[in-house]
Amino acid sequence: MTLKPRPANLYEEFFERCPHNPILTARDWPYPAHSVFNAGACQLGDETVLLVRVEDRRGHSHLTVARSRDGVSNWRIDPRPSFAPDPLTFSEEAWGIEDPRVTWVPERGDWIIAYTAFSPSGPMVSLARTTDFVSFSRLGPVMPPEDKDAAVFPRRFGNRYAMIHRPVSSGSSGAHIWLSFSPDLTHWGDHHILLHARRGAWWDANKIGLSPPPLETPDGWLLLYHGVRHTAGGCLYRLGLALLDLDDPRQVLHRSDEWIFAPELPYERQGDVNGVVFPCGWILDPATDVLRIYYGGADSCVALATASLSDLLAYLKSCPAPRP
Ligand code: BMA
């Protein structure tokens, strides 16, 4: 079979949506849930594990584990919240926990989960660890409000762990992506701006944030990030790419000028928050080069898209180094 060439007037599409999308909604939940979305993802043995953000009718979120052999169907969902806010001990979780990103850290032998603790003073970054997605223990809050969209790198640089996050301060001219370092995962410093939100008409003007954790590739650390465009009709959350130097992730080698994935289908365009695609996890199968991206659609469902890692890298390497 010969593939038809792409018409010259169409953008190249890197992502293929799963025909079964949305793969999870609140209707699939074994207990009352208002909405399920923005799931962290990893491969644990022969199962795909999603750590799904579940919002209840108070508006507060907790995290629940869903497991599947094929990563698409037959999900086994924990019958109750797997990792629930504990506001009596961790007051920063008073209004729930959201948007987990999970990173396997081989030298520690555990998964580090970076999540948003929604405190009355604003969103903060908290870390927790697990080895089995059955029991979880907290490392505690690591960044003061307002800060979110965080993930740790799977390995240290020198002797230091590294974490990407997105602080916001009043009076600043935008919300940018930052990189910080820590000797112990608890104390963080040596803060650097990594990617600036662009300005004006750009799709990623004013507010950007990391989506899934950084992915190590032979060409560098691959970042998928969201850009938020404010329009008269509301916000649009779209996705772009950046590549960081493998040994010194403070160096941004390439950044896409164009978004590469955006809300298009009804489950992305209409929901609690219209016009949102929000991935918190991706899983690479190195044997097939297929990257599975799990994303929230319109803050109302979990959806899946696949892409070829080498296609993404080839495209990104054709993009310029970021302009100051
Ligand atoms: C961001 C986060 C996400 C959410 C998105 C769209 O600020 O809070 O959890 O999916 O907004 O509402």
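Order of appearance sets the numbers: ligands from 1, and atoms from 1 within every ligand.
E98 has no carboxylate O lying under 4.0 Å from a charged side-chain N of K148, or vice versa, which leaves the two without a salt bridge. Classification of E47 and R69 as a salt-bridged pair fails, no side-chain N sitting under 4.0 Å from a carboxylate O.
W111 is linked by a ring pair (Phe, Tyr, Trp, His ring centres under 6.0 Å) to W104, F133, counting only residues two or more places apart in sequence or in another chain. By the side-chain hydrogen bond (donor to acceptor under 3.5 Å, both in side chains) test, S82 pairs with D78, sequence neighbours left out.
Listed as neighbours of ligand 1 are N38, R53, D99, K148, Y237, V273, V276, F278, D299, each bearing a heavy atom under 4.0 Å from the ligand.
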Table please: side-chain donor-acceptor pairs of residues 34-42 below 3.5 Å, with sequence neighbours left out.
from, atom 1, to, atom 2, distance (Å)
H34, NE2, D272, OD2, 2.5
N38, ND2, D99, OD1, 3.1

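Under the salt bridge (charged side-chain N to carboxylate O under 4.0 Å, His left out) test applied with D204, the options R255, R238, R229 reduce to a single match, R255.
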